[in-house]
2 protein chains.
Amino acid sequence: MNKDLIHEKLAKRVKNKMLSDELLFDVAEVFKIFGDSTRVKIIYALKLSELCVSDLAFITNSSESAISHQLRILKQAKLVKSRKEGKVVYYSLKDEHVIKLFEIGREHVEEL
Amino acid sequence: MNKDLIHEKLAKRVKNKMLSDELLFDVAEVFKIFGDSTRVKIIYALKLSELCVSDLAFITNSSESAISHQLRILKQAKLVKSRKEGKVVYYSLKDEHVIKLFEIGREHVEEL
DNA sequence: TAAATATATGAACAATTATTCAAATGAAAG
DNA sequence: CTTTCATTTGAATAATTGTTCATATATTTA
């Protein structure tokens, strides 16, 4: 426990330059979406092709229910979009940004 | 539940092109680190300056214990490094990659 | 050596979350 | 219209995780 600030001027200066709690919270929220391996698998598969729920279940070795739950999360986060064709729902990535985020994460891992 | 694969050829082709489970798991692990607002705050603060634990506690409005726990996680993930000077431990970002990851996440949030 | 200080650590607790299972939709086909 | 099929949904469960609190460690100072 500290009685006083150790580097008062520096710490206050940095505190003033901080981004808003709200923005930093939102940034964390986006990363949280990518922070699950099932979702990462889905994202990478959709990077390769538009796919339906049962395709994704097969590709990721998960149940269709699990995939459907995760797809809902990805859709709410605006990372994927879907279109319906009869009984089948096709999912794809919303935009290039999703791929960019994935690739930067991948680079980081591969460079260690 | 599906008896058979709906798009057998496509699904098998995509499955063959998938990255290894291990790599995708590791990618998720990195994003998981960024998926907490306290850690994101720490990372952004350290982007501005090298700081000690109590500075970070002040800047992020958290307890020193909480910050210390999070710094351990960040250090294990090789996202931050530290140096000791007397009683004080100074933390800083490990490399530019950490900043890049943060910035891409920030861009994504700000573009919505 | 004892007191003070900065940080670290471990256990406990609460909260969040991913999966499973069972059941419900919604659409096509028989 | 009944059955089949693809997907969705909700509740339950198990596992993970961030914070707190108390205590420990390490370093400096009195």
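Every heavy atom of this structure was used, including side-chain atoms; hydrogens, water molecules and symmetry mates were not. Everything quoted here is computed from the prediction, not taken from an experiment. Residue numbering restarts at 1 for every chain, and letters A, B, ... go by the order of the sequence lines.
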Euclidean distance, atom [atom1] of residue [X] to atom [atom2] of [N] [Å, nearest integer]:
X: A:Asp36; N: C:dT17; atom1: CG; atom2: P; value: 11 Å
X: A:Asn61; N: C:dT19; atom1: CG; atom2: C1'; value: 15 Å
X: A:His7; N: C:dT5; atom1: NE2; atom2: P; value: 16 Å
X: A:Gln76; N: D:dT8; atom1: CD; atom2: P; value: 12 Å
X: A:Leu5; N: C:dT5; atom1: CG; atom2: P; value: 14 Å
X: A:Lys87; N: C:dT25; atom1: NZ; atom2: C1'; value: 13 Å
X: A:Glu64; N: C:dG26; atom1: CD; atom2: C1'; value: 16 Å
X: B:Leu74; N: C:dA8; atom1: CG; atom2: C1'; value: 15 Å

query = Any Lys/Arg nitrogen of A:Lys32 or A:Glu29 sitting under 4.0 Å from an Asp/Glu carboxylate oxygen of the other?
reply = yes
task = Taking only Lys NZ, Arg NE, NH1 and NH2, and the carboxylate oxygens of Asp or Glu, determine whether A:Lys47 and A:Glu103 approach each other closer than 4.0 Å.
result = yes
ring centroid sep under 5.5 Å plus plane angle under 30, B:His69 with D:dT19 = no
Residue mapping more 5' on DNA chain D - nearest nucleotide basis, A:Ser68 or B:Ala66 =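 Result of the comparison: A:Ser68.
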Does the side chain of [X] get closer than 4.0 angstrom to OP1 or OP2 of [N] through an N or O atom?
X: A:Gln70; N: C:dT19; result: yes
X: B:Arg72; N: C:dT7; result: no
X: A:Tyr91; N: D:dA6; result: no
X: A:Thr38; N: C:dT19; result: yes

Of A:Ser65 and B:Ser65, the one whose closest DNA chain C nucleotide lies more 5' =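 On the 5' side of the pair lies B:Ser65.
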ask   = Taking the six-membered ring for Trp, are the ring centroids of A:Tyr44 and A:Phe102 within less than 6.0 Å of each other?
value =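 Centroid separation for A:Tyr44 and A:Phe102: below 6.0 Å.
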query = Can you check whether B:His7 and A:Tyr90 have ring centres sitting under 6.0 Å from each other?
reply =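 Yes, close enough.
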query = Between D:dT7, C:dT7, C:dG26, which nucleotide has the shortest distance from any of its atoms to the side chain of B:Cys52?
reply =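 Taking heavy atoms from C-beta onward, the closest nucleotide is C:dT7.
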inquiry  = Please pick, from C:dG26, D:dA6, C:dA8, the nucleotide with the shortest atom-to-atom distance to any side-chain atom of B:Ile6.
reply    =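 Of the candidates, D:dA6 comes closest.
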Scan [X] against the nucleic acid and name what it touches under 4.0 Å (heavy atoms): base, sugar-phosphate only, or nothing.
X: B:Tyr90; answer: nothing
X: B:Ser62; answer: nothing
X: B:Lys75; answer: nothing
X: A:Ser63; answer: sugar-phosphate

task = Name the orientation class of the two ring planes belonging to A:Phe31 and B:Phe31 (parallel below 30°, tilted from 30 to 60°, perpendicular beyond 60°).
result =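 If you compare the ring of A:Phe31 with that of B:Phe31, the planes turn out parallel.
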Heavy atoms from other residues, nucleotides or ligands near CD of B:Glu96 exceed 12 (cutoff 6.0 Å) =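 Open: at most 12 neighbouring heavy atoms sit under 6.0 Å from CD of B:Glu96.
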